[in-house]
S.K.: 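Here it is, the structure, as structure tokens.
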Amino acid sequence: MSRQILMSRKNILLCVVPVIALTIFVHQLYHVTVFNLSRWKGGGMGMFSTIAAPENRVIKAYFQVHAERLPVAIPDSKQATAFRTEPTERNSEKLKARVSEMLWAITSVDASTQRPILQSISPEAREKSGYAVIHPERIDLELWQFSYERTTGTVQLIKIWDDAQ
Amino acid sequence: MTAGLSLSNHTTAFLLKLRKGPTIEIIALLSLCLVISHGYSARYFSVAVALLILPALLYRPFFQHWLFWGLIAAVSGFVVLREWYPIDNHKFLLFYWALALALAFSLSEEHQQSFLVKTARFLLVFVMAGAVVQKTLAADYLDGSFFEFTLLTDQRLEPFMAVLGVDRGDLSYNRGIISWLLAASPEHDTSAAVLRFSSPVHNIAVVVTWWDYLVQVAIAAAFLIGTRWLDLLGHILLLVFVVTTYLAAPVIGFGWTLSIFGYALSAGRFPKIALCYLATFPLLTVYDGLEFLHQVHP
């Protein structure tokens, strides 16, 4: 009797790891399909299966300031990694919140386009330089990822997320 | 002379222990090595492991106790939940394996090894079949696009491409193109560029794509069916996979994880194969060193 109990306990315990692993696998596949989660991440064993690794995705951000749309290069962060890996509304909002916490200033002007260049600055740099801090009325995020056309060798960035639309 | 004999005796005893010794102890030791050298980068994980290892060193039975591995599994699970987006797939496997060890050591001694053998089999089939599902569903894998892009732009693969006659100058140019596109300044209106390549790259990409895909299909199928001969075939393919794949893709922690599963599965049935798995540990460590040399002298 006790042997039977032990065997059934062993069989129940044997199911624990497969149930967890398969649940995470199905969850990952669902998020890949619905939310554009990168196949490389999320426990779905999809490494080396697609070009669309998080490292091959690019975030482009724009500040709306006085009816002008200014491009900004946002620094890397945990929130940026999450948005690059899975571009969802929630991750977009978290990244915008992180960007809003930073100090932004026009530090120079692009010679070719004559557009102002916005950069995040530290409070110390602001003290020293006296830059005027920019407060965006709105932040728009875009996420682009590489695609590759092997007949022509063309590598292209394709937009997979756009806040403005 | 005596010292020489003594060394020889020690070596023989060591090899005998590896071959006939308590498999479960070796599995636990290998897993501990994996946790220490290729665990999670989170600081609190390193602290937790250090705190657990100290009592295990002073009282050896502790590291074959369910509580030891249960605590490692708990911290691993916490890291996986917290670092869901950045962590790689083999870190999920490490969590599953630590949990399996905790559950195995909670059973009586007679059931521990068979529990780990069954879990190792499941995890090997899961990893390989999961990879096959993802590669089948991905839009850019089976047509060779993924590997062609990777072969043309990944610096780690440059030595292999050079051996195969691909111009290093072209590869360097391609990496420049990728960096330029990734620079991500929204000022750049251009979002496309043409990579430089020579015709052998197409063929190499197709061969690598189908080799990688079919070997994973075969390993998953062999271990899923699990007859003696198919198991033997699965082990041989898995060893070839580990030895070749991680030379080019230096994710050593992943290689070690697969080798532990392979060792657990083979130790009782194919002792020589089990020794081959053990040999992959120093081999993969050497690969890691080669990667380090690459970084210093690109």
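Order of the sequence lines sets the chain letters (A, B, ...), proteins ahead of strands, with each chain counted from 1.
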S.K.: Counting heavy-atom pairs under 4.5 Å with chain A, which one of F254(B), Y141(B), F92(B) comes out on top?
M.R.: F92(B)
S.K.: Is it the case that over 12 heavy atoms from other parts of the model lie below 6.0 angstrom from the CD atom of E101(A)?
M.R.: yes
S.K.: Is F95(B) in contact with chain A via its backbone, its side chain, both, or neither, using a 4.5 Å heavy-atom distance?
M.R.: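 Just its side chain gets close to chain A.
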S.K.: Does R69(A), at its CZ atom, have more than 12 non-hydrogen atoms belonging to other residues, nucleotides or ligands within less than 6.0 Å?
M.R.: yes
S.K.: Go through the atoms of F115(B) and report whether side chain, backbone, both or neither lie under 4.5 Å from a heavy atom of chain A.
M.R.: both
S.K.: What are the residues of residues 78-85 of chain B, in order of number, with any heavy atom under 4.5 angstrom from a heavy atom of chain A?
M.R.: R82(B), W84(B), Y85(B)
S.K.: Can you give me the closest heavy-atom contact between S49(A) and K135(B), atom names plus distance?
M.R.: CB-CG, 3.6 Å
S.K.: Applying side chain to side chain contact (heavy atoms under 4.5 Å, CB included) to V155(A) and F149(B), what does each step give before you reach the verdict?
M.R.: CA-CA 8 Å; V155(A) 58; F149(B) 177 82; 3.5 Å; yes
S.K.: Which heavy atom of L181(B) sits nearest a heavy atom of V58(A), and at what distance?
M.R.: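 The answer is O-CG2, 4.3 Å.
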S.K.: With heavy-atom distances below 4.5 Å as the criterion, would you say the side chains of K118(B) and K10(A) are in contact?
M.R.: yes
S.K.: Do you know which of F122(B), F147(B), W97(B) has the most heavy-atom pairs with chain A at a distance under 4.5 angstrom?
M.R.: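 Top count of heavy-atom pairs under 4.5 Å with chain A: F122(B).
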S.K.: Between L123(B) and chain A, which part of the residue has a heavy atom less than 4.5 Å away: side chain, backbone, both or neither?
M.R.: side chain
S.K.: With only heavy atoms counted, which part of K78(A) is less than 4.5 Å from chain B, the side chain, the backbone, both or neither?
M.R.: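 Side chain only.
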S.K.: Could you state the interatomic distance from CD1 (I178(B)) to CG (N56(A)), rounded to the nearest 0.5 Å?
M.R.: 7.0 Å
S.K.: Which atom names give the shortest non-hydrogen contact between R9(A) and S106(B), and what distance separates them?
M.R.: NH2-OG, 3.3 Å
S.K.: So which heavy atom on Q134(B) is nearest to which on F25(A), and how close?
M.R.: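 Here Q134(B) and F25(A) meet closest at NE2-CE1, 4.0 Å.
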S.K.: Heavy-atom distance under 4.5 Å to chain A: side chain of I87(B), backbone, both or neither?
M.R.: backbone
S.K.: May I ask you to test the E149(A)-D140(B) pair for a side-chain heavy-atom distance under 4.5 Å?
M.R.: no
S.K.: Contact part of F48(A) toward chain B, heavy-atom cut-off under 4.5 Å: side chain, backbone, both or neither?
M.R.: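 It is both, since atoms from each part get that close.
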S.K.: Select one option (side chain, backbone, both, neither) describing which atoms of P54(A) are under 4.5 Å from chain B's heavy atoms.
M.R.: neither
S.K.: Is it the backbone or the side chain of T152(A) that comes under 4.5 Å from a heavy atom of chain B, or both, or neither?
M.R.: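 For T152(A), the contact with chain B is made by the backbone alone.
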S.K.: Which answer fits H202(B), side chain, backbone, both or neither, if we ask what part of it has an atom under 4.5 Å from a heavy atom of chain A?
M.R.: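 When you check distances to chain A, atoms from both the backbone and side chain of H202(B) fall under 4.5 Å.
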S.K.: Taking all non-hydrogen atoms of both residues, which atom of Y96(B) and which atom of I24(A) are closest, and how far apart?
M.R.: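 Smallest interatomic distance, heavy atoms only, reads OH-CD1, 3.4 Å.
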S.K.: So which heavy atom on L182(B) is nearest to which on E55(A), and how close?
M.R.: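 Minimum heavy-atom separation between L182(B) and E55(A): CD2-O, 3.6 Å.
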S.K.: Could you have a look at A104(B), G130(B), A129(B) and say which one has the most heavy-atom pairs with chain A under 4.5 angstrom?
M.R.: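 Counting heavy-atom pairs under 4.5 Å, the top option is G130(B).
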S.K.: Measure distances from I158(A) to the heavy atoms of chain B and classify the residue's part below 4.5 Å as side chain, backbone, both or neither.
M.R.: neither
S.K.: Could you check which of T33(A), I74(A), N91(A), V16(A) has the highest count of heavy-atom pairs closer than 4.5 Å to chain B?
M.R.: N91(A)
S.K.: Determine whether W40(A) and D88(B) make a side-chain contact, defined as any pair of heavy atoms from C-beta on separated by less than 4.5 Å.
M.R.: no
S.K.: Could you walk me through whether M47(A) and V251(B) pass the side chain to side chain contact (heavy atoms under 4.5 Å, CB included) test, one step at a time?
M.R.: CA-CA 11 Å; M47(A) 52 282 161; V251(B) 194; over 6 Å; no
S.K.: Of all of L29(A), T81(A), L13(A), I51(A), which one pairs up most often with chain B through heavy atoms under 4.5 Å apart?
M.R.: I51(A)
S.K.: Might you work through the side chain to side chain contact (heavy atoms under 4.5 Å, CB included) test for M45(A) and V133(B), ending with a clear yes or no?
M.R.: CA-CA 9 Å; M45(A) 303 300 135; V133(B) 168; over 6 Å; no
S.K.: Return yes when atom CZ of F35(A) has more than 12 non-hydrogen atoms of other residues, nucleotides or ligands closer than 6.0 Å, and no otherwise.
M.R.: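 Yes, because the 6.0 Å sphere around CZ of F35(A) holds more than 12 heavy atoms from other groups.
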S.K.: I'd like to know whether T150(B) forms a side chain to side chain contact (heavy atoms under 4.5 Å, CB included) with Y148(A), so could you lay out the CA-CA distance, the side-chain angles of the two residues, the decisive distance to 0.1 Å, and finally the verdict.
M.R.: CA-CA 10 Å; T150(B) 305; Y148(A) 178 67; over 6 Å; no
